[in-house]
**Student:** 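This is the structure, below, for whatever I ask next.
Count residues from 1 along the sequence.
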Amino acid sequence: MKTRKNDYLAFKRKIFFKVLLLVLASAGFLMLLASLLQGRFGNWIVTFLMNKFYLSEPDAFTINHYIFRNNKDIILLLSSAIFFLIIFKVAISWFTKYFDEIINGMDNLMKGSDKEIQLSPEMNFMETKLNMFKHILEKRERDAKQAEQRKNDLVVYLAHDIKTPLTSVIGYLDLMSEVPDMPVEQRAKYMDITLEKANRLERLINEFFEITRYNLQTIVLEKKNFNLSYMLFQMADEFYPMLSEKNQESVVNADDNTMFCGDPDKLARVFNNVFKNAIAYGYENSKITIDVIREDTNAIITFKNYGNSIPLQKLNSIFEKFYRLDESRGTETGNAGLGLAIAKEIIILHEGEIYAESNDDYTIFHIKIPGIINN
């Protein structure tokens, strides 16, 4: 608060001196006018009437006495009112100049001008604020363009990648259709290849839907009580087919009855996304460990996998939408880059936090969310 008062100090000082100047000018004018009406002003009026209208001195003096001298107070009041209006207009012009500068600065914000916003020296505090907003808006615009470009690139990549498994599926099906008496072993081999390509095609199509859902869906939480331990145990069982493909195993360390208040569907999506990431980037024949730790009313869930380390500069970027740690679009681990971004958004809505740490041996994702129900 003290700093903010100091920001306004130069502006308040400038306004004070301008108002003081107007007050002094008004007082000086009134004193001068009163002095004129009481002194030489009357003689000047008499001389003016005599020279201009050829009146005698007594007649000119009489006119001055009845018109000006007897109405001195009214003339003083009217003159003061006129002078006050002039002074008031000047004061309004001074003040509105600041508003005009601010409006012009805001117009520059709306237009996206490259030039820095400049105001009067006494408005330096406002100039700093407007330029800060300008830089924030520019950064958001750049981030939005980059995210849009990433999304467009991913759509192009996915569209390209879909052609390959689709062509293979059609080719093998045509081959089996054209050769009905194909040997059973060869047909089984072609069926396995076709099924593998069809599964790959399904994953790519699901990535299209994931991109669409992220752009159009507003996440709304529907909290309820549920068994967090049971959810994680069940998830580990459901991922057995994916684990077996790489000869991996999962271990869940959690109390049997950890009750939690949150959105079970959204949190299941978080855990699924993090678990899939751990499987994809974990070594073959390795173990994925899931630990649940209770800390007052907070649940701390960690996913630990053994695989290549994530560079330090990329640990924060992995939670950005459309970011992929593996930039190679042809890899099996490549995806739309939305899983961890969606996970972070859901965790933030639960007033929690999610982050990762990584070294040459393992990577751990930490999820901390409030909602533990103490029995």
**Student:** Check whether more than 12 heavy atoms from other residues, nucleotides or ligands sit under 6.0 Å from atom OH of Y230, and answer yes or no.
**Tutor:**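 Counting other residues, nucleotides and ligands, OH of Y230 stays at 12 neighbours or fewer.
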**Student:** Taking C-beta and beyond as the side chain, do F271 and I301 meet within less than 4.5 Å on heavy atoms?
**Tutor:**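 A side-chain contact exists here, since the closest heavy-atom pair is under 4.5 Å.
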**Student:** Between the main-chain N or O of L137 and the side-chain N or O of R142, is there a donor-acceptor pair closer than 3.5 Å?
**Tutor:**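 Judged by distance alone, no pair lies under 3.5 Å.
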**Student:** Could you check whether atom CE of M191 has more than 12 heavy atoms from other residues, nucleotides or ligands sitting under 6.0 Å from it?
**Tutor:**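 Open.
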**Student:** Report the C-alpha distance between D255 and R294 in whole Å, list the side-chain angles of each, state the deciding distance to 0.1 Å, and finish with yes or no for side chain to side chain contact (heavy atoms under 4.5 Å, CB included).
**Tutor:** CA-CA 9 Å; D255 294 337; R294 300 174 64 150; 4.0 Å; yes
**Student:** Report the distance from atom CG of N227 to atom OG1 of T258, rounding to the nearest 0.5 Å.
**Tutor:**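 With rounding to 0.5 Å, CG (N227) is 6.5 Å from OG1 (T258).
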**Student:** Is there side-chain contact between M182 and Y190, with heavy atoms separated by less than 4.5 Å?
**Tutor:**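 Yes, at least one pair of side-chain atoms sits under 4.5 Å.
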**Student:** Indicate the atoms forming the closest heavy-atom contact of A356 with I318, along with that distance.
**Tutor:**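 Closest heavy-atom pair between A356 and I318: CB-CD1, 4.1 Å.
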**Student:** Do V292 and I300 touch side chain to side chain, with heavy atoms closer than 4.5 Å?
**Tutor:**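 No; the side chains remain at least 4.5 Å from each other.
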**Student:** Could you tell me the separation between the CG atom of D360 and the CG atom of N308, rounded to the nearest 0.5 Å?
**Tutor:**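 Atom-to-atom, D360:CG and N308:CG are 9.5 Å apart.
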**Student:** More than 12 heavy atoms of other residues, nucleotides or ligands under 6.0 Å from OH of Y172: is that the case?
**Tutor:**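 No.
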**Student:** So which atom in G262 and which in L267 form the shortest heavy-atom distance, rounded to 0.1 Å?
**Tutor:**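 Closest approach of G262 to L267, heavy atoms only: CA-CD1, 4.5 Å.
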**Student:** So M231 and F260, do their side chains get closer than 4.5 Å, heavy atoms only?
**Tutor:**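 Of all side-chain heavy-atom pairs linking M231 with F260, none is under 4.5 Å.
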**Student:** Where do F239 and I279 come nearest, in terms of heavy atoms and distance?
**Tutor:**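 Shortest heavy-atom contact: CD2-CD1, 3.6 Å.
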**Student:** Would you find a donor on one side and an acceptor on the other, under 3.5 Å apart, between the side chain of K246 and the backbone of A280?
**Tutor:**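 Looks like yes, one N/O pair under 3.5 Å.
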**Student:** Which heavy atom in L243 sits nearest to a heavy atom in A236, and how many Å separate them?
**Tutor:**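 Closest pair (atom of L243, atom of A236, distance): CD1-O, 4.2 Å.
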**Student:** Let me check something: do F365 and L312 share a hydrophobic cluster, defined by ILVMFWY side-chain heavy atoms less than 4.5 Å apart, either directly or through other members?
**Tutor:**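 Yes, F365 connects to L312 through the hydrophobic network.
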**Student:** Are V270 and V252 linked, directly or through intermediate hydrophobic residues, by side-chain heavy-atom contacts shorter than 4.5 Å (ILVMFWY only)?
**Tutor:**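 Yes, one cluster joins them.
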**Student:** Between Y306 and S286, which heavy-atom pair has the shortest distance, and what is it?
**Tutor:**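 The answer is O-OG, 3.9 Å.
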**Student:** Between CD1 of I369 and NE2 of H350, what distance do you get to the nearest 0.5 Å?
**Tutor:**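 Spacing of CD1 (I369) from NE2 (H350) equals 6.5 Å.
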**Student:** Counting C-beta onward and ignoring hydrogens, is there a side-chain heavy-atom pair between F275 and S250 closer than 4.5 Å?
**Tutor:**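 When only atoms from C-beta onward are counted, S250 and F275 do touch, with a gap below 4.5 Å.
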**Student:** Under a 3.5 Å distance rule, please check whether D296 uses its side chain to pair with a backbone N or O of N298 as donor and acceptor.
**Tutor:**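 No, the answer is negative, given that no donor and acceptor are paired below the 3.5 Å cut-off.
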**Student:** V169 and T194: which non-hydrogen atoms are nearest, and at how many Å?
**Tutor:**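 Of all heavy-atom pairs spanning V169 and T194, the closest is CG2-O, 3.9 Å.
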**Student:** Would you say I310 and F303 are hydrophobically clustered, going by side-chain heavy atoms of ILVMFWY under 4.5 Å?
**Tutor:**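 Yes.
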**Student:** Applying side chain to side chain contact (heavy atoms under 4.5 Å, CB included) to M132 and K129, what does each step give before you reach the verdict?
**Tutor:** CA-CA 5 Å; M132 182 180 69; K129 288 285 185 183; 4.2 Å; yes
**Student:** Is the closest side-chain heavy-atom distance between Y355 and L315 below 4.5 Å?
**Tutor:**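 SC-SC contact between Y355 and L315 ruled out.
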**Student:** Would M235 and Y240 show up in the same hydrophobic cluster when neighbours are defined by side-chain heavy atoms closer than 4.5 Å?
**Tutor:**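 No; tracing contacts between hydrophobic side chains, which count when under 4.5 Å, never links both residues.
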**Student:** Is there side-chain contact between H366 and T302, with at least one heavy-atom pair below 4.5 Å?
**Tutor:**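 They are in contact (side-chain heavy atoms under 4.5 Å apart), so the answer is yes.
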**Student:** Can E222 and K266 be counted as an ion pair, charged N to O under 4.0 angstrom?
**Tutor:**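 No salt bridge links E222 with K266.
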**Student:** Mind checking the CG-CZ spacing from N272 to R269? Nearest 0.5 Å is all I need.
**Tutor:**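 The CZ atom of R269 is 10.0 Å from CG of N272, to the nearest 0.5 Å.
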**Student:** Report yes or no: does Q248 contribute a side-chain atom to a donor-acceptor pair with the main-chain N or O of Y283 at less than 3.5 Å?
**Tutor:**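 Pair found, side chain donor or acceptor close to backbone of Y283.
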**Student:** Hey, are the side chains of K224 and C261 touching, using non-hydrogen atoms and a 4.5 Å cut-off?
**Tutor:**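 No, too far: nothing below the 4.5 Å cut-off.
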**Student:** Rounded to the nearest 0.5 Å, how far does CD1 of I293 lie from CG of D291?
**Tutor:**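 Result: 6.0 Å between the selected atoms.
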**Student:** I'd like to know if I364 and V251 are part of one continuous hydrophobic network [Ile/Leu/Val/Met/Phe/Trp/Tyr, side-chain heavy atoms within less than 4.5 Å].
**Tutor:**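 Hydrophobic grouping puts V251 apart from I364.
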**Student:** Can you list the steps and then say if I348 with K344 is a side chain to side chain contact (heavy atoms under 4.5 Å, CB included)?
**Tutor:** CA-CA 6 Å; I348 289 175; K344 182 177 181 179; 3.8 Å; yes
**Student:** Does a salt bridge link K189 with E185, judged by any charged N lying under 4.0 Å from a carboxylate O?
**Tutor:**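 E185 and K189: not salt-bridged.
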**Student:** How far apart are the C-alpha atoms of E357 and K304, what are their side-chain angles, what is the distance that settles it, and do they pass the side chain to side chain contact (heavy atoms under 4.5 Å, CB included) test?
**Tutor:** CA-CA 10 Å; E357 61 172 307; K304 181 178 181 180; over 6 Å; no
**Student:** Using 0.5 Å steps for rounding, measure from the OG atom of S229 to the CD1 atom of I290.
**Tutor:**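 If we round to the nearest 0.5 Å, S229:OG and I290:CD1 are 11.5 Å apart.
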**Student:** I'd like to check the side-chain hydrogen bond (donor to acceptor under 3.5 Å, both in side chains) partners of S358; sequence neighbours left out, ordered by chain and number.
**Tutor:**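 Listed in chain order: T363.
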